[in-house]
Protein chains: 2
Amino acid sequence: MLNNGTMNQDAVITVLQALASPARLDVYRLLVRTGPEGMVAGEIAQALGLPPTNLSFHLKALAQAGLLTACAEGRYQRYRAHIPSMLELIGYLTEECCAGHPEQCLSTPSGNACLDAALGRNELPPE
Amino acid sequence: MLNNGTMNQDAVITVLQALASPARLDVYRLLVRTGPEGMVAGEIAQALGLPPTNLSFHLKALAQAGLLTACAEGRYQRYRAHIPSMLELIGYLTEECCAGHPEQCLSTPSGNACLDAALGRNELPPE
DNA sequence: TCAACAATTCAAGAGTTATTAAAGCGTTGG
DNA sequence: CCAACGCTTTAATAACTCTTGAATTGTTGA
């Protein structure tokens, strides 16, 4: 997960499951905001109001997914967001859009209401 | 979910939970590849080898999350990927990176092995 | 050395999610 | 009109995930 190759489906599912919990999404975004400085576990627990036991559980899931790195500092553990994993996830989720013709996703209204909805177009002009 | 405002956390969690299942991730990516044409439920079931009952369950989760649109065609249901939801998800996951200084994510090696790992750098040159 | 501290692991109970078969609903073609 | 079709809903079970308190590991400072 720390390598920069293409993620396989199992790895992507692990990442998505890691992010798909309110507590873990909060932890991850907090660390994204903090950037290279990161935070130690106790600071995260205090910032989010999570019991340490529960936070540990969630940190483990995020780290195993490759979304965080953990770094010992004496008796503290510093955690940081691992940005390349997020970039790989995004690549996996968007690759082969429209079979390699992504311009189709943003073309002009089709006259088909369902199709336009799928493409995020308004049927009626916004008021 | 079909509006183009910013997603709130609940909506993002729903989207991530929808994607965090192998069957649903397969369905979603299949429809991303198919683009505006989309596929009817039976085609999806055949392509992925899923029983119709089970596919319906997963399609419902994806559609409720806003990742797919459903469109009746006689007795068929055509599904299409709803790309704007994915773009909003990506925005939510990456916003405020490094507290608004994303250049920090790609700066030069720090001399701190843990930090460099978090930034996706190699400690040793590749062979 | 030992008590306080930071964090994790373990174990148990509650709550969710996935899968399947059976039943239901609307559409089509004879 | 009605049987076949495409798909969804329901209900039940099995499997997994979250949360908590108690026990554990390793670190620091007196």
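Lettering follows sequence order; numbering is per chain, from 1.
Rounded to whole Å, the distance from CG on A:Leu16 to C1' on D:dT17 is 16 Å. A straight line from CG of A:Leu55 to C1' of C:dA6 spans 12 Å, rounded to a whole angstrom. One can place CD1 of B:Ile13 at 11 Å from P of D:dC18, the figure rounded to the nearest angstrom. Summarising the geometry, the separation between CG on A:Leu59 and P on C:dT9 is reported as 11 Å, rounded to the nearest angstrom. Counting to the nearest Å, the P atom of D:dC5 and the CD atom of B:Gln77 are 19 Å from each other.
When heavy atoms are screened at a 4.0 angstrom cut-off, B:Arg78 is found touching no nucleic acid atom at all.
Closest to the B:His58 side chain, of the nucleotides C:dT8, C:dT19, D:dC7, is C:dT19. Of the candidates D:dT8, C:dA7, D:dT9, the closest approach to any side-chain atom of B:Lys60 belongs to D:dT9.
Applying the side-chain contact (heavy atoms from CB on, under 4.5 Å) test between A:Ile44 and each of A:Leu50, A:Leu55, A:Asp26 identifies A:Leu55 as the sole match.
Here the closest heavy-atom approach between residue A:Ala61 and residue A:Arg24 is recorded as CB-CD, 3.8 Å.
Taking Ile, Leu, Val, Met, Phe, Trp and Tyr as hydrophobic and joining them when side-chain heavy atoms fall under 4.5 Å apart, one finds A:Phe57 isolated, its cluster having no other members.
For A:Tyr79 and C:dT8, the shortest distance from a side-chain N or O to OP1 or OP2 is below 4.0 Å.
Contacts between residues 40-50 of chain A and DNA chain D, counted as heavy-atom distances below 4.0 Å, involve no residue at all.
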Set out, line by line, the N/O atom pairs under 3.5 Å between protein and nucleotides 20-26 of chain D.
| residue | atom | partner | partner atom | Å |
| --- | --- | --- | --- | --- |
| D:dA22 | N6 | A:Thr53 | OG1 | 3.1 |

